[in-house]
Amino acid sequence: QAARSCWHSEGWPAMALLSSGSSRGPSGRAFAADLRRGGRCRRHANAGTLCTVAALAALIGGAASLDLCRAASAVVASVLPVRALERVAIVCATHGNELTGEWLKRRAERRPELVQRPSISSLKLLVANSAALNATRRFVDEDLNRQFLAESLENMSLASYEAQRAKVLDACLGPKSFREEAAADFVVDLHTTTSSMGITYIAEPWSPVGVAAACWCKRQLQPIVDAGELPEVRVVLESLDRASSPHLISVGREGIMIEIGPVPQGLLRADACRWMEVSTSTLMDFVEALNSGQDLNQPRTAMVFRDISEKIPIPCDADGRPTAIFHPDLQGKDFEPLHKGDPMFSGLDGEVIRYDGEHGDVIWPIFVNEAAYYLRESGLGFGVAFFEEVDVPAVVVDASLSRRGAFRGGVGAGVREAGGAAAQGVT
């Protein structure tokens, strides 16, 4: 009876046991092996089903049944139940001179199918920094994407435009202080860079959905990259926990950033606009696959560039003006290994400044010669990353955690629901 019940709700796992005849049979052993691999069975790996598997194994008895029990327990331990991503915010112009995301916002308002998916009950497209966008400046007073530390959001004395704007965004999409109560299940923040970053998904370790989404999207887009129709797609994993993250995505329950480059500040390029559209649409495909219980077919591990939250600053004089430029051997070499002794900068007198091994014998530079990082407010220099293998979170939607409904409130100018109220699934 337990097997029949399991089959009606989950199908394949119970049938594998029934067809085995006993846990000593080849099908039973194959099922245990599949459980250990975390392959197709991850789709069905909820605690109820696997408890049924374990109970059947115990009733059948034998040495292989112990293997089944252990395998079932391992999958239960590895699967991460999450809430469905029903309320999604796609944010653009966090930096007002990065126009590509705002172009996609206007495209999606006319063609909601680019970003809207059936399982998303409320999708919000919004401009984060409308004043900076109108002025085609990165920010008005200070970098908005550095204003979302918990203490900054709670400090009512901070009077800059961006500090105040951050509080409004937190009220609409958060609050950051109560993650499980955040209005936005998933915040997607769209950026461009003057560096040669191609398509880069930037996730933070506090958001397992963001990490899983980044790895999934990279795999989905790889055939298009191999065909020469897209630049390289990479995953950067930040080293910040949620409380320490100053970034806008940290107000949501889950979040991810998309970075496209190279794109000069303050202009639109057709290729970059297409990259942004494809990368964002693919991300929304992930949301639909996760929400609808599709098999994500994720590997257990993936190679990512782990940002260690350190920068190597370009040399400057007392007035903040550069006294060196990026060396030709480093320019445009984001994500390529930089070894101890390799050239980084060329000084005013022609001297070559080489990497001294401060962060290890080999590092992987990111955001090389990013124009914004000539500003102290955004952090000087280029980023330091390591190329590492990490676990891919085995996220599975737990329907008991889900909710439905629209966002509360608004964030002022630059906000629009995708496609208007008549769009499918949009409130």
Nearest-0.5 Å distance, [atom1] of residue [X] to [atom2] of residue [Y]:
X      : Y      : atom1 : atom2 : answer
Ser195 : Gln331 : OG    : CD    : 8.0 Å
Lys311 : Tyr373 : NZ    : OH    : 4.0 Å
Glu238 : Ser207 : CD    : OG    : 12.0 Å
Leu330 : Ile353 : CG    : CD1   : 12.0 Å
Leu144 : Thr94  : CG    : OG1   : 6.0 Å
Met276 : Leu268 : CE    : CG    : 10.5 Å

Using side chain to side chain contact (heavy atoms under 4.5 Å, CB included), reason through Phe305 and Val235 one step at a time and then give a plain yes or no. CA-CA 6 Å; Phe305 294 89; Val235 176; over 6 Å; no
Could you walk me through whether Asn129 and Glu162 pass side chain to side chain contact (heavy atoms under 4.5 Å, CB included), step by step? CA-CA 8 Å; Asn129 198 335; Glu162 279 77 16; 3.1 Å; yes
Report yes or no: does [X] contribute a side-chain atom to a donor-acceptor pair with the main-chain N or O of [Y] at less than 3.5 Å?
X      : Y      : value
Ser239 : Ser309 : no
Asp334 : Phe367 : yes
Arg242 : Ser250 : yes
Ser244 : Leu240 : no
Gln164 : Leu158 : yes
Lys218 : Thr200 : no
Arg87  : Ala183 : yes
Arg138 : Gln265 : no
Asp170 : Ala166 : no
Glu288 : Ser292 : no

Nearest non-hydrogen partners of [X] and [Y], listed with the distance:
X      : Y      : answer
Cys92  : Lys105 : SG-CD, 3.8 Å
Trp216 : Thr282 : CZ3-O, 3.5 Å
Gly266 : Thr136 : CA-CG2, 3.8 Å
Leu85  : Ile120 : O-CG1, 4.1 Å
Asp241 : Trp206 : C-CD1, 3.6 Å
Thr100 : Cys273 : CG2-CA, 3.7 Å

Looking only at the aromatic ring of each residue, does the gap between the centers of Phe326 and Phe345 stay below 6.0 angstrom? yes
Can [X] and [Y] be counted as having a side-chain donor-acceptor contact under 3.5 angstrom?
X      : Y      : result
Thr193 : Glu370 : yes
Asp143 : Gln147 : no
Ser281 : Arg117 : yes
His247 : Glu204 : yes

So [Y] and [X], do their side chains get closer than 4.5 Å, heavy atoms only?
X      : Y      : answer
Arg219 : Pro299 : yes
Ile363 : Glu358 : no
Asp189 : Asn145 : yes
Arg269 : Pro264 : yes
Val368 : Ser196 : no
Ile90  : Leu190 : yes
Ile256 : Val211 : no
Leu126 : Leu169 : yes

For Arg107, the option from Glu102, Glu113, Glu277 that meets salt bridge (charged side-chain N to carboxylate O under 4.0 Å, His left out): Glu277
Given the ring of Phe148, does Lys176 sit roughly above its face, with NZ or CZ under 6.0 Å from the centre of the six-membered ring and within 45° of the axis? no
Could you go step by step and tell me if Ile314 and Tyr374 meet the side chain to side chain contact (heavy atoms under 4.5 Å, CB included) rule? CA-CA 8 Å; Ile314 192 167; Tyr374 284 79; 4.3 Å; yes
Check this for me, if you would: do Glu254 and Arg179 make a salt bridge, where the nitrogen-to-carboxylate-oxygen distance has to be below 4.0 angstrom? yes
Show, in sequence, the C-alpha distance, side-chain angles and deciding distance for Glu142 and Ser160, and conclude whether the side-chain hydrogen bond (donor to acceptor under 3.5 Å, both in side chains) test is met. CA-CA 7 Å; Glu142 51 187 340; Ser160 73; 2.5 Å; yes
Using the side chain to side chain contact (heavy atoms under 4.5 Å, CB included) rule, take Arg234 and Ile366 through it: C-alpha gap first, then chi angles, then the decisive distance, then the call. CA-CA 11 Å; Arg234 301 178 178 92; Ile366 56 177; over 6 Å; no
